[in-house]
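Just so you know, these numbers use all the heavy atoms, side chains as well, and skip hydrogens, waters and symmetry mates. Just so you know, ligand 1 is whichever comes first in the structure, and atom 1 is the first atom listed for that ligand.
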Amino acid sequence: MDIMATEGTCVPIVVTVFETAEELDHAAAQWMAERIKAPNPVIGLATGNTPIGMYAHLVAMHKAGKLDFGQCRTFNLDEYVGVLPEADNSFTAYMREHLFDHVNIDPARVHIPRGDALDPEEEARRYEELLNQHGPITAQVLGIGSNAHIGFNEPGTPFERRTHVTRLAEETRKANAAEFGSWENVPEEAITVGIANILESQEVLIMAKGASKAEAVRLTVEEQPTPDVPASALQMHSSVEMFVDREAASRLRADSIVHRR
Ligand code: PGA
């Protein structure tokens, strides 16, 4: 399969607008379940509010005996620097709460950057090597920041960046304040896979909910790709689906929308 669009060319992102967030969650879980059932799945996972409903559906499918995670390997996108995996506000805790503690995934096949690594740069290199060893990611799920970040690739990140330590934008720290009591307590740095890693995934599903994402969605879908809008890099990938609710789609032109459900 030709994953990357030919250099310099852009491929329209296939946008589906859902009437409700619940319908979006259900469709996202179906999309993901099909990829988990494929041979040797290597699944790229995201945290945040957006995928919580999708994870709930995946857990329900597993409990109903319809989805086996036994062959599944997972790579999370990112983790805060300085946060222990055991801490309530770690992405490890998030993943356990919403998915891993409820399904038959082999802990040895679960990968999340170690936020508590003494040398975060070295941890980024270790994670990059792991990705290269087990990749490519067969299916990557993404949320999008209101500043259009993907993973923790903030505006201005070159599209060629691989796994690295990044400084979080103030907007991002404010959006994640709830887990840390106040935005000043949100770590200033994170380890994230880079945009180049994301573009190497075989298939990508990016999800957005709510009016606060509407402008990021519009810039991602309708404008020329630029590092100022990290998610716009996805136009250079030939297999990207975007699932949005009505609010997140509210600034899109009608002809940008491929499906309505
Ligand atoms: P959210 O975060 O799902 O909590 O809105 C998305 C993101 O920052 O990528």
Side-chain angles (χ1 to χ4, degrees), residues 13 18 20-22 24-25 27-29 31-32 43-58 75-81 83 88-95 97-99 112-113 115 137 140-157 161 163-164 166-180 183 186-195 197-199 201 204-221 227-234 240-251:
I13 293 174
F18 293 85
T20 66
E22 164 59 23
L24 189 165
D25 293 339
W31 187 96
M32 192 51 96
I43 306 294
L45 297 175
T47 52
N49 292 316
T50 310
I52 289 176
M54 177 192 77
Y55 290 133
H57 281 289
L58 291 174
F75 280 92
N76 268 76
L77 287 165
D78 44 22
E79 180 59 284
Y80 296 111
V81 165
V83 173
D88 289 347
N89 44 23
S90 72
F91 289 155
T92 300
Y94 171 103
M95 289 310 308
E97 177 185 350
H98 295 293
L99 186 66
I112 303 180
I137 300 280
Q140 174 70 57
V141 65
L142 299 172
I144 183 171
S146 51
N147 64 1
H149 73 201
I150 45 176
F152 274 142
N153 292 282
E154 301 286 24
T157 309
R161 273 325 276 284
T163 312
H164 63 284
T166 182
R167 286 199 82 73
L168 296 177
E170 195 172 302
E171 188 174 343
T172 299
R173 294 175 67 214
K174 288 183 172 158
N176 290 287
E179 290 80 25
F180 291 87
W183 79 267
V186 177
E188 292 178 10
E189 291 184 326
I191 299 167
T192 184
V193 305
I195 291 174
N197 302 97
I198 291 170
L199 292 178
S201 311
V204 178
L205 173 63
I206 179 165
M207 300 187 282
K209 296 175 185 170
S212 68
K213 305 293 174 69
E215 182 62 6
V217 164
R218 186 190 72 77
L219 292 169
T220 297
V221 172
D228 294 339
V229 180
S232 67
L234 297 172
V240 179
E241 290 223 50
M242 179 184 261
F243 286 0
V244 285
D245 66 6
R246 274 199 319 183
E247 291 75 19
S250 59
R251 295 201 185 168

Engineer: What atoms of ligand 1 come within less than 4.0 Å of a heavy atom belonging to Ile144?
Structural biologist: 6 (C), 7 (C), 9 (O)
Engineer: What part of Lys209 sits under 4.0 Å from ligand 1 if we count only heavy atoms: the side chain, the backbone, both or neither?
Structural biologist: neither
Engineer: Under a 4.0 Å threshold between the charged nitrogen and the carboxylate oxygen, would Glu215 count as salt-bridged to Arg218?
Structural biologist: yes
Engineer: Does Lys213, backbone or side chain, put an N or O under 3.5 Å from an N or O of ligand 1?
Structural biologist: yes
Engineer: Hey, does Val83 have a side-chain heavy atom less than 4.5 Å from the side chain of Phe180?
Structural biologist: yes
Engineer: For a 4.5 angstrom cut-off between non-hydrogen side-chain atoms, does Thr166 reach Arg161?
Structural biologist: no
Engineer: Which of the numbered atoms in ligand 1 are under 4.0 angstrom from any heavy atom belonging to Asn49?
Structural biologist: 1 (P), 3 (O), 4 (O)
Engineer: Rounded to the nearest 0.5 Å, what's the gap from CG on Asp78 to OG1 on Thr47? Could you check?
Structural biologist: 5.0 Å
Engineer: Just jot down the ligand 1 atoms closer than 4.0 angstrom to any heavy atom of Gly48, in number order.
Structural biologist: 3 (O), 4 (O)
Engineer: Answer yes if the side chains of Glu171 and Ser146 hold a donor-acceptor pair under 3.5 Å, and no otherwise.
Structural biologist: yes
Engineer: Return the closest protein heavy atom for atom 3 (O) of ligand 1 as residue, atom name and distance.
Structural biologist: Thr50 OG1, 2.5 Å
Engineer: Look at the aromatic rings of His149 and Phe152 and report parallel, tilted or perpendicular, splitting at 30° and 60°.
Structural biologist: perpendicular
Engineer: Can you report which non-hydrogen protein atom sits closest to atom 8 (O) of ligand 1, along with the distance?
Structural biologist: His149 NE2, 2.6 Å
